[in-house]
S.K.: 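A single structure is presented below for examination.
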Amino acid sequence: MSETSFGKPEVIEEEVDILIIGGGMAACGAAFELQRWNADKNLKIKMVDKAAVDRSGAVAQGLSAINTYLGENDPADYVRYVRRDLMGITREDLIYDTGRHVDDSVHQFEKWGLPIWKQEGDEGKSLTEGGKPVRTGRWQIMINGESYKPIVAAAATKAIGMDNIQEHVFIVRLINDKNDAGRVVGAAGFSVRENKIYIYKFKACLLVCGGAVNIFRPRSVGEGTGRAWYPVWNAGSTYAMAAEAGAELTLMENRFVPARFKDGYGPVGAWFLLFKATSMNAQGEDYQAKNAHMLQEHGYGTYVKGHAMGTCLRNHLMIHELKNGRGPIFIDTVTALANMAEKMTAEEIEHLEAEAWEDFLDMTIAQCGIWAGENIEPDKQMSELMPTEPYLLGSHAGCAGIWCSGPEDLPGTPDHYHWGYNRMTTVRGLFTEGDGCGASGHKFSSGSHAGGRIAAKAMIKYVQDNRDMVPVLDRSVDELKEELYRPVATFLEYKDYTTAIDVNPHYITPKMLQFRLQKIMDEYVAGVSTLYQTNATMLGIAERKLGMLKEDSLKLRAKDLHELLRAWENYHRILVAEAHMKHIQFREETRYPGYYYRTDFLDLDDENWKCFVNSTYDRKTDEWSCKKVPWVELIKEVD
Amino acid sequence: MPTYVRTEKCDACEGQDKPACMHICPHDLMRLDIDGSETGHAMKSYNQEPEQCWECYACVKACPEDAIENRSYADVTPLGGMVQPVRGSDAIVWNIKFRNGNRKRFEFPIRTIAEDSIDPYAGTPEAVEAELGDHSTLFTKGTHSCDFSQFKAS
């Protein structure tokens with residue numbers, strides 16, 4: 001690409017009724033639902049994905065299980081399970097809503113060709129025909145999920161048509177309405193292939209571009225830094241763009257720290273639940289039983305019932321061992337497989353081995369690469385487990401995200417839970433789901449698809465109710481062009497100042513900015529190097545350092561379109577990191593022991609903190625404000 | 001590196017409108033070196049940012065020439081292992097080679113119907129306009145049974 005054209009992008013403007021930003025499970029669910037309601041309306045729908053829809057989002061690689069399928073359970077039981085796992089504070093209306101619709105999405109997947117494992121005797125019988133799935137837990141079902149995403153994507157692209165899907169364009173900024181600051185009516189981004197800027201006007205927008213990965217310094221150091229547990233391309237764009245448009249965020253103090261197979265981050269679910277593996281410390285002790293008394297301290301056991309406890313608490317028991325030098329933690333794959341093989345024929349054993357490998361090959365191939373390189377065969381050698389670096393997300397076992405309106409038909413929902421349109425944020429016209437929708441974790445892949453559908457239906461209604469609204473952008477095209485391409489202009493202006501282009505006092509590369517962010521977050525905001533501990537003083541230092549980092553983001557450079565992508569991803573990461581830090585600072589308790597500890601407020605303090613923490617960001621003044629929002633229990637607890 | 005492109009096999013997807021790996025990589029890692037100025041190999045693709053590779057294998061599976069393989073993260077894994085798939089239209093075969101030379105082979109189904117025969121709306125009802133504001137159903141009317149007595153306010 002010549003330098004002359006690189007600095008001067010072409011601007012493409014398009015007006016649509018509904019814009020979907022992202023191409024993952026929620027986006028594909030939305031496309032499927034939208035087009036059916038649009039059959040006689042002729043609304044213009046567009047999906048914009050920074051990658052290719054066939055392999056984008058968190059399910060790109062595939063999955064070996066669908067983690068949310070209710071089947072014989074009542075949605076109220078699903079709410080109870082999510083509430084317990086997330087330490088009491090969740091939006092039960094949103095979770096219930098997902099619960100009542102999620103199975104239908106799974107039934108569609110099966111119809112579109114996703115192979116779902118069935119119990120013996122039910123092979124060949126679909127779920128809707130009464131086929132019983134193979135469960136690894138009360139909510140999880142096993143699948144042959146290598147092509148999960150291409151299958152779901154095919155249904156979505158066929159629904160709205162490939163002409164209405166723009167791939168390889170990264171939306172980086174939402175634009176408010178000139179006549180109504182509380183409404184979004186536009187989005188701007190750029191092509192990662194051509195020298196082009198895209199500016200969309202719309203009536204409604206579904207912002208679904210995933211959670212936040214690589215905010216924290218990863219455990220790996222070189223090539224392995226790509227081996228994040230959650231997809232490395234999830235840059236927190238959902239939260240950052242929403243915050244900058246004025247949307248209220250919720251529970252951004254929450255994070256997920258999965259305990260996984262060390263280094264490869266292979267999943268443990270099937271190993272613990274299906275193969276009945278146990279874990280132990282260096283001395284071979286069952287540390288969970290040994291440390292169970294720790295749940296009596298600091299109120300951490302408030303939401304424990306029998307063996308059912310929040311995922312963070314399992315980490316809490318594990319981290320205690322690591323802190324006291326009794327690591328590593330092992331998962332005993334050898335005994336688990338031997339126990340299962342005891343009553344099996346040779347053929348059944350072979351099948352069992354294939355199942356164990358498929359669990360990784362479907363969704364974490366990298367773990368197999370590590371096993372192959374280290375000569376580890378799970379039936380012969382145990383593996384290590386390790387808690388990872390923290391991730392922010394709203395669809396897996398975490399509940400960070402955006403504060404959304406819920407359905408108003410569920411008994412007892414308070415007024416502050418709904419304001420007209422399901423899954424709309426506090427900004428008119430801006431909807432979200434999947435990782436974007438906060439306080440409602442454990443949607444997983446299927447729930448995100450169903451959630452996208454729920455949001456889609458509400459968006460159709462919003463667009464109908466606002467059909468005469470004329471969107472007017474409050475930013476000019478020139479302003480947006482200058483802002484989006486600033487890293488390019490900076491590079492072109494200063495690149496010849498030094499002989500080596502990567503070291504230059506006038507700019508910072510996206511890679512170095514990311515390293516700086518990760519170092520700050522790791523050392524001061526409860527990353528792995530402090531074993532997830534922080535306090536007010538550390539947070540104060542983080543605040544100051546993040547402030548300067550954000551100032552320096554204006555000096556990001558982009559030597560090509562690939563770096564422009566990285567520059568904007570990392571700008572989004574800074575905002576998410578700042579939100580995370582502010583929320584942890586505000587919540588003066590330890591709500592999620594095992595995910596993070598406020599060492600100056602070690603108690604789980606229901607009396608003062610059984611509430612949501614919501615925040616807003618003012619882009620003009622660069623100020624965050626946090627507040628408490630009342631939590632309401634909708635579903636009865638059972639004994 | 002983690003995924004790498006075999007020089008003698010890559011043909012830059014000659015005859016297609018874009019290289020398959022460049023199109024499919026979810027993280028924009030694969031790049032076509034048009035004039036050879038980046039790698040010394042003109043008209044071949046390469047992984048431009050290996051330390052950002054998730055090893056998701058999207059490029060490996062998509063490459064029509066089987067030119068892309070994966071060498072597990074060098075800062076983590078001893079050399080010599082190999083995990084390589086062949087993805088067909090309805091199944092995927094995985095060949096695994098351990099550092100010590102042991103081998104394993106697995107085959108798993110990936111879909112039950114052909115990709116081009118997916119019909120998103122086959123057998124589903126039309127949307128009923130009067131139900132647009134009704135939260136209890138989506139257009140497919142597949143809502144799970146709900147025991148409302150479980151609500152505190154019921």
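Throughout, protein chains are lettered first and strands after them, A, B, ... in sequence-line order, and every chain is numbered starting at 1. Values in this document were obtained by computation on a predicted structure and should not be read as measured data. Excluded from the calculations below are hydrogen atoms, water molecules and symmetry mates; all remaining heavy atoms, backbone and side chain alike, are included.
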S.K.: Non-hydrogen atoms of chain A under 4.5 Å away: do they reach the side chain of B:Ile24, the backbone, both or neither?
M.R.: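 Contact with chain A is through both the backbone and side chain of B:Ile24.
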S.K.: Going through the distances and angles, do A:Glu33 and B:Leu138 end up as a side-chain contact (heavy atoms from CB on, under 4.5 Å)?
M.R.: CA-CA 8 Å; A:Glu33 187 75 19; B:Leu138 296 169; 3.7 Å; yes
S.K.: Taking A:Lys111 for its side chain and B:Gly123 for its backbone only, find out whether a donor-acceptor pair lies under 3.5 Å.
M.R.: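 Flag not set: sc A:Lys111 to bb B:Gly123 has no pair under 3.5 Å.
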S.K.: Which one wins on heavy-atom pair count under 4.5 Å against chain B: A:Arg227, A:Gln108, A:Lys461?
M.R.: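 It is A:Arg227.
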S.K.: Which region of A:Glu633, side chain (C-beta onward) or backbone (N, CA, C, O), has a non-hydrogen atom less than 4.5 Å from a non-hydrogen atom of chain B, or is it both or neither?
M.R.: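 Looking at A:Glu633, backbone and side chain both touch chain B.
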S.K.: Does any backbone or side-chain atom of B:Ile96 lie under 4.5 Å from a heavy atom of chain A? Answer side chain, backbone, both or neither.
M.R.: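 Just its side chain gets close to chain A.
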S.K.: Regarding B:Arg31 and the six-membered ring of B:Tyr46, is the cationic atom NZ or CZ under 6.0 Å from the ring centre and inside 45° of its axis?
M.R.: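 The answer is no, since B:Arg31 fails at least one limit relative to B:Tyr46.
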S.K.: By a 4.5 Å heavy-atom criterion (distance strictly below it), what part of A:Asp77 contacts chain B: side chain, backbone, both, or neither?
M.R.: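 Answer is neither: A:Asp77 stays 4.5 Å or more from chain B.
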S.K.: Heavy-atom cut-off 4.5 Å, strictly under: side chain, backbone, both or neither for A:Asp560 against chain B?
M.R.: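 Just its side chain gets close to chain B.
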S.K.: Using non-hydrogen atoms and a 4.5 Å limit, figure out which bit of A:Asn73 sits close to chain B: side chain, backbone, both or neither.
M.R.: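 Answer is backbone: N, CA, C or O of A:Asn73 sit under 4.5 Å from chain B.
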S.K.: Can you confirm whether or not the ring centre of A:Tyr69 sits under 6.0 Å from the ring centre of A:His107?
M.R.: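 Centroid separation for A:Tyr69 and A:His107: below 6.0 Å.
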S.K.: Chain A heavy atoms under 4.5 Å from B:Asn100: which part of the residue, side chain, backbone, both or neither?
M.R.: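 Backbone plus side chain of B:Asn100, per the 4.5 Å heavy-atom cut-off to chain A.
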S.K.: Closer than 3.5 angstrom, by distance alone: can the side chain of B:Thr39 be matched with the main-chain N or O of B:His41 as a donor-acceptor pair?
M.R.: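 Yes: the side chain of B:Thr39 pairs with the backbone of B:His41.
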S.K.: Given that the side chain runs from C-beta out, which part of B:Asp90 has a heavy atom under 4.5 Å from chain A: side chain, backbone, both or neither?
M.R.: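 B:Asp90 has no heavy atom closer than 4.5 Å to chain A.
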S.K.: If you count heavy-atom pairs under 4.5 Å between each of A:Asn144, A:Ile635, A:Asn375 and chain B, which one has the most?
M.R.: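 Heavy-atom pairs under 4.5 Å are most numerous for A:Asn375.
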S.K.: Please state whether the side chain, the backbone, both or neither of B:Phe106 comes within less than 4.5 Å of a heavy atom of chain A.
M.R.: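 For B:Phe106, the side chain is the part near chain A, not the backbone.
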S.K.: Count the heavy atoms of every other residue, nucleotide or ligand shown that sit under 6.0 Å from CD of B:Glu14, and state whether that count exceeds 12.
M.R.: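 Count not over threshold, so no.
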S.K.: So for A:Asp103, is it side chain, backbone, both, or neither that comes closer than 4.5 Å to the heavy atoms of chain B?
M.R.: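 Contact with chain B: side chain only.
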S.K.: Side chain, backbone, both or neither: which part of B:Glu107 has a heavy atom under 4.5 Å from chain A?
M.R.: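 It is neither, since no heavy atom gets under 4.5 Å.
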S.K.: Chain A heavy atoms under 4.5 Å from B:Lys18: which part of the residue, side chain, backbone, both or neither?
M.R.: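 Neither; nothing under 4.5 Å.
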S.K.: Assign the ring pair B:His23 / A:His168 to parallel, tilted or perpendicular, where the plane angle (0 to 90°) is split at 30° and 60°.
M.R.: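 Taking A:His168 first and then B:His23, their aromatic rings stand perpendicular (interplane angle over 60°).
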